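Right, one structure below, let's go through it.
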There are 2 protein chains.
Amino acid sequence: MKLEQAVGLVIRKHRTVEKISQFKLAELTGYDRSFISLLERGHRVPTVKTIFTIAYHLNISPAQFIDEVHQLVESDIME
Amino acid sequence: MKLEQAVGLVIRKHRTVEKISQFKLAELTGYDRSFISLLERGHRVPTVKTIFTIAYHLNISPAQFIDEVHQLVESDIME
DNA sequence: GTGTAGACTGAAGTCGACC
DNA sequence: CGGTCGACTTCAGTCTACA
């Protein structure tokens, strides 16, 4: 699957695990709520800085975040 | 240290390990050579896609790349 | 082989509003 | 709570050229 889609899935997965809303994640990270929405639906490719910030507030390491994205990209889920 | 600086150091480190020039890395990744130069000196914050592409051609996993960046950022080397 | 400069295009990220 | 729209600003990434 595509990189942006994988990034979106990983964010949404960990956000729901943490049981917080997009509003709350936006507040924590300092990013706009509409931007979080765009990311989760794979409509934006974030910068490395964005990944570090979001991963931090989702309580996972940036490397683990990227690794999960990598596995999704490598897999052929949904094509 | 700052994120951009860490990214630059990790790219340069692995590029020299691979014994290739900025020209060659630019050719392999499809990015502009001046952009590679900007990245290595910490003057740009790349997107996740850029990291995946560069890490691939430096023969390391994106997660390992990010982990090395993370360690540099966490350390207080050069400030 | 690398740093840098400037001018450019497209995409990241903001903000307010509405469904 | 989350999706979306439009208009906006900032910055990633291109390209040419020269030290």
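These figures come from a predicted structure and were not determined experimentally.
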With sequence neighbours excluded, what pairs up with B/E27 under the side-chain hydrogen bond (donor to acceptor under 3.5 Å, both in side chains) test? none
Kindly say if B/R15 contacts the phosphate of C/dT2, meaning a side-chain N or O under 4.0 Å from OP1 or OP2. yes
Sequence neighbours left out, what pairs pass ring pair (Phe, Tyr, Trp, His ring centres under 6.0 Å) with at least one residue falling in residues 31-50 of chain A? A/Y31-A/F35
Please identify the 5'-most and 3'-most nucleotides of DNA chain D with any atom under 4.0 angstrom from a heavy atom of chain B. D/dA12 to D/dC15
Enumerate the residues from residues 22-47 of chain B whose closest heavy atom to DNA chain C is under 4.0 Å, giving them by residue number; use none for an empty result. B/Q22, B/F23, B/R33, B/S34, B/S37, B/R41
Report for the helix from C/dT2-D/dA19 to C/dC19-D/dG2: angle between first-end and last-end helix axes, five pairs each, rounded to 10 degrees. 50°
Contacts to DNA chain D from residues 53-69 of chain A, heavy-atom cutoff under 4.0 Å, which residues? none
Please answer: with hydrophobic residues joined when any side-chain heavy atoms are less than 4.5 Å apart, are A/I54 and A/L9 in the same cluster? yes
Contacts of type side-chain contact (heavy atoms from CB on, under 4.5 Å), residue B/A6, not counting sequence neighbours: B/M1, B/V69, B/L72, B/V73
Please enumerate all residues that pass side-chain hydrogen bond (donor to acceptor under 3.5 Å, both in side chains) together with B/T29, with sequence neighbours excluded. none
Excluding sequence neighbours, so at least two apart, what forms side-chain hydrogen bond (donor to acceptor under 3.5 Å, both in side chains) with A/H14? A/E68
Tell me the side-chain hydrogen bond (donor to acceptor under 3.5 Å, both in side chains) pairs involving residues 52-61 of chain B, sequence neighbours left out? B/E18-B/N59
State, with a plain yes or no, whether a side-chain heavy atom of A/L38 is found less than 4.5 Å away from one of A/D32. no
Please identify each residue that fulfils side-chain contact (heavy atoms from CB on, under 4.5 Å) with B/V45, with sequence neighbours left out. A/T47, A/K49, B/E4
Hits for side-chain hydrogen bond (donor to acceptor under 3.5 Å, both in side chains) against B/R15, two or more places apart or cross-chain, chain-then-number order -> B/E40
